[in-house]
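Only a predicted model underlies this, so the values are computations on that prediction, with no experimental measurement involved.
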Amino acid sequence: MTTSAPSPLSARRGGPISGRARVPGDKSISHRALILSAMAVGESTVAGLLEGEDVLNTAQAMRDLGAQLVRGEDGLWRIHGVGVGGFAAPEKPLDFGNSGTGCRLVLGAVAGCPIRATFDGDASLRKRPMRRVLDPLERMGARVVTEAEGGRLPLTIEGARDAIPIEYESPVPSAQLKSAVLLAGLAAPGETIVVEAEASRDHTERMLKHFGAKIVSKPHGEHGRRIVLQGQPELEPANVVVPADPSSAAFPMVAALLVPGSELVFESVMTNPLRTGLFTTLREMGAKIETIATRDDGEEVADLRVVASKLKGVEVPPERAPSMIDEYPILAVAAAFAEGTTRMRGLKELRVKESDRLEATAAMLRANGIAVEIEGDDLIVHGKGAVRGGGEVTTHMDHRIAMSALVMGLASDEPVRIDDGAFIATSFPGFVELMGSLGANLS
Ligand code: S3P
């Protein structure tokens with residue numbers, strides 16, 4: 001749990017960033033692998049699980065709800081699930097720490113079980129909106145017993161004894177919201193349908209199929225999907241191999257692009273097209289990112305070679321936002337070092353992440369001498385090909401702001417300091433050590 005004293009960190013310019021970068025397992029897939037294993041009957045295994053604080057909190061929540069989870073010395077997780085609708089009432093509040101994904105997905109999973117459970121998290125998670133998930137879950141028969149003002153944590157929910165299938169048109173492009181409805185829909189008879197106007201990451205749909213559920217996803221409109229899930233399946237246990245997280249690879253990748261003379265090879269990075277908006281955008285900016293090998297194990301995976309590149313400013317269209325929603329802080333750093341203006345459009349959802357990421361990203365750049373504007377939901381960064389640095393960045397309990405600021409410091413004229421690196425462990429344990437082994441100067 002991240003309640004310890006803040007640990008400030010600094011990044012300064014040094015030699016090239018080079019070598020082979022093995023980044024930890026994908027966070028989204030790791031949460032889902034634990035939750036679906038806990039909802040299957042029998043033993044599932046998960047290899048390559050991200051053992052960051054967010055996912056470990058989800059593991060603990062699964063234990064508190066009655067599943068058995070054991071981590072072998074070889075790093076393989078063995079999970080004995082309790083079946084759809086089989087969770088037991090937890091004796092204490094479920095604590096999701098910093099993680100919106102863990103909290104919202106488990107809300108969905110619990111909503112289809114006739115138990116009462118209290119959900120809580122850290123100061124950042126307590127600020128984030130939960131009503132977006134509670135509204136459809138109430139339609140499905142769950143009852144919210146108590147909630148903090150504005151539909152926030154801590155909250156207590158009573159799951160439905162007889163869950164009701166719904167057709168739900170998602171008002172925001174959120175994979176967490178979609179997943180919560182689908183996980184609750186597992187307990188309901190008949191078809192639960194989610195319609196999204198803009199497709200969000202589809203790991204839940206893919207993994208439900210892998211665990212034996214009947215689920216069909218079809219294109220809907222220009223950018224959307226219509227997903228139909230058959231309720232009350234007997235989920236079969238499965239083996240999951242978690243690929244490397246593209247959202248974590250983003251940090252060493254941008255570092256290698258910015259620091260002259262760098263060359264990095266990434267192994268087995270997940271390249272699901274609903275997650276690779278950053279790679280597309282960086283390539284449009286002139287980044288040399290070469291795909292060396294590809295595989296498909298239920299999720300597309302690739303080895304990538306990245307070399308230092310001169311970048312130029314671009315316009316990033318709003319419809320790309322769902323496929324790179326977590327990558328705007330590090331893209332803004334790349335844009336700061338590019339020649340010319342980068343306009344990132346349609347970033348409303350950034351305001352409800354681990355911090356108000358739109359404001360936090362703008363403040364991070366301004367503190368280091370970059371001209372930035374926020375116009376409505378757009379972020380505009382005026383790149384000059386170089387960054388002065390020398391600023392102290394407030395991270396607001398947000399791991400991605402912390403890592404983005406440190407990457408900026410590796411290429412700026414003067415060092416960049418962050419107030420707290422502790423939250424990096426929520427998604428990228430070993431970040432400082434890995435970056436150090438690749439040549440980065442972090443202390
Ligand atoms: C996630 C979905 C996204 C993303 C988060 C992980 C997921 O959130 O920002 O880091 O695993 O479903 P939203 O669904 O709120 O956009």
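- Salt bridge absent: Glu284 and Lys312 never bring a charged side-chain N and a carboxylate O closer than 4.0 Å.
- Other residues, nucleotides and ligands place no more than 12 heavy atoms under 6.0 Å from the CZ atom of Arg22.
- Judged purely by distance below 3.5 Å, without hydrogens or angles, the side chains of Glu433 and Ser437 never pair a donor atom with an acceptor atom.
- In this model, a donor atom of one side chain and an acceptor atom of the other lie less than 3.5 Å apart for Glu299 and Asn272.
- A salt bridge between Arg345 and Asp377 is absent, with no side-chain N of the basic residue lying under 4.0 Å from a carboxylate O of the acidic one.
- Between atom CG of residue Leu406 and atom CD1 of residue Ile424 there is a gap of 5.5 Å, rounded to the nearest 0.5 Å.
- Of the N and O atoms on the side chains of Thr118 and Thr156, at least one donor lies less than 3.5 Å from an acceptor on the other residue.
- Phe119 meets the ring pair (Phe, Tyr, Trp, His ring centres under 6.0 Å) test with Phe96; sequence neighbours excluded.
- Side chain to side chain, Arg201 and Ser28 meet the donor-acceptor criterion of an N or O pair below 3.5 Å.
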Considering only distance and modelled atom types, tabulate donor-acceptor pairs under 3.5 Å from the side chains of residues 211-223, sequence neighbours left out.
residue, atom, partner, partner atom, Å
Ser217, OG, Arg225, NE, 3.0
Ser217, OG, Arg225, NH2, 3.1

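- A donor and an acceptor atom, one from each side chain of Thr58 and His31, are located under 3.5 Å apart.
- No side-chain N or O of Lys27 forms a donor-acceptor pair with one of Ser247 less than 3.5 Å apart.
- Side-chain contact check for Arg295 and Ser268: at least one donor-acceptor pair (N or O, by modelled atom type) lies under 3.5 Å.
- The CD1 atom of Ile418 lies 7.0 Å from the CG atom of Asp420; values are rounded to the nearest 0.5 Å.
- Gln60 CD to Asp64 CG: the interatomic distance, rounded to the nearest 0.5 Å, is 4.5 Å.
- Salt bridge Asp26/Arg275: present, at least one basic N to carboxylate O contact under 4.0 Å.
- When the ring pair (Phe, Tyr, Trp, His ring centres under 6.0 Å) test is applied to Phe431, the partners found at least two apart in sequence or on another chain are Phe428.
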